[in-house]
Amino acid sequence: MKQPSNKRRAARLHHEIPVAYRSVGSFLTDWATNISEGGLFINTRKPLPVGTLVKLLIQLPGASSFQLDGRVTRVAEFDNHANMVPGMGVEFTHVDDGRRREIEGIVERLRAKLEQG
């Protein structure tokens, strides 16, 4: 059985980004602390269960807002033993190649800008 890889497939932007998300019966706003073309991590003390489908509204700096579908792929509970930041990893679903490239381009520009200080 193949062990899951912990390597990221895409560059991630570590920056606080406001995100609103909706699942069945709830509408919430929190902060995403990193984002890539494939997904994001949302800081929250009340993560949704793995497998939950969500509708996301993301406002990237210097760009229009994005409405995307996602699925919770991992959860770090609040008071976890590994002292990980509480929250949930969300993988974008149903994203066409054009939108994925657009997100990747914005992430790369923001990373470069932040690295320049």
Side-chain angles (χ1 to χ4, degrees):
M1 181 177 205
K2 187 176 177 182
Q3 294 293 322
S5 174
N6 211 14
K7 292 181 182 178
R8 301 284 184 207
R9 292 180 297 211
R12 299 186 81 75
L13 172 67
H14 297 278
H15 185 69
E16 286 189 340
I17 299 164
V19 61
Y21 55 99
R22 179 174 45 121
S23 68
V24 176
S26 64
F27 181 81
L28 303 160
T29 57
D30 280 305
W31 293 93
T33 53
N34 67 47
I35 185 171
S36 76
E37 68 179 57
L40 49 73
F41 185 83
I42 299 173
N43 281 14
T44 179
R45 290 182 172 218
K46 295 184 179 180
L48 299 170
V50 169
T52 301
L53 299 177
V54 294
K55 299 277 187 189
L56 302 160
L57 180 61
I58 303 165
Q59 178 61 57
L60 293 172
S64 60
S65 59
F66 288 87
Q67 292 185 23
L68 299 164
D69 294 327
R71 180 176 52 85
V72 177
T73 57
R74 69 181 178 93
V75 167
E77 297 289 345
F78 176 67
D79 202 17
N80 62 72
H81 297 292
N83 290 323
M84 294 172 52
V85 173
M88 59 189 173
V90 177
E91 176 184 43
F92 300 143
T93 59
H94 307 104
V95 180
D96 64 47
D97 288 340
R99 176 57 58 102
R100 194 173 300 277
R101 282 192 300 275
E102 186 178 2
I103 294 168
E104 182 180 27
I106 293 167
V107 167
E108 287 300 324
R109 283 193 303 277
L110 289 171
R111 277 177 43 126
K113 190 173 186 179
L114 291 170
E115 287 173 359
Q116 291 174 354

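Along the sequence shown, residues are numbered consecutively beginning with 1. What you see is a predicted model, and the numbers here were worked out from it, not measured in a lab.
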Contacts of T73 that satisfy side-chain hydrogen bond (donor to acceptor under 3.5 Å, both in side chains) - sequence neighbours left out
none
Pair R101 + E104: basic N to acidic O under 4.0 Å
no
Of all heavy-atom pairs between Q59 and I17, which one has the smallest distance, and what is that distance?
O-CG2, 3.3 Å
What's the separation between atom OG in S23 and atom CZ in R71, rounded to the nearest 0.5 Å?
14.5 Å
Smallest heavy-atom separation, V90 atom then G70 atom, equals CG1-CA, 3.9 Å
Closest non-hydrogen atoms of V75 and L48, given as atom of the first, atom of the second and distance, are CG2-O, 3.2 Å
State which residues pass side-chain hydrogen bond (donor to acceptor under 3.5 Å, both in side chains) with T93; sequence neighbours excluded, sorted by chain then number.
none
Rounded to the nearest 0.5 Å, how far apart are OH of Y21 and CD1 of I42?
5.5 Å
Side-chain heavy atoms nearer than 4.5 Å, only ILVMFWY residues, links allowed to pass through others: does that put V95 and L53 together?
no
Which heavy-atom pair separates A32 from V19 by the least distance, and what is that distance?
N-CG1, 3.9 Å
Looking at P47 and G87, what are the two nearest heavy atoms and their distance?
CB-O, 3.6 Å
For the student: nearest non-hydrogen atoms of V72 and P49, plus distance
CB-O, 3.5 Å
Which residue pairs pass the salt bridge (Lys or Arg N to Asp or Glu O under 4.0 Å) test when at least one of the two sits in residues 57-69, sequence neighbours left out?
K55-D69
Would a hydrophobic clustering, with Ile, Leu, Val, Met, Phe, Trp and Tyr connected at side-chain separations under 4.5 Å, put F92 with L28?
yes
Could you measure the distance from the CG atom of L68 to the CD1 atom of I58? Nearest 0.5 Å is fine.
5.0 Å
Could I get the full list of salt bridge (Lys or Arg N to Asp or Glu O under 4.0 Å) partners for R100, not counting sequence neighbours?
none
Just jot down the side chain to side chain contact (heavy atoms under 4.5 Å, CB included) partners of L57, sequence neighbours excluded, or say none.
A20, S65, Q67
Would you give the length of the straight line joining atom CZ of F66 to atom CG of L56, rounded to the nearest 0.5 angstrom?
12.5 Å
Distance, nearest 0.5 Å, that separates CD of E16 from CG of N34
11.0 Å
To the nearest 0.5 Å, how far apart are CD1 in I103 and CD in E108?
13.0 Å
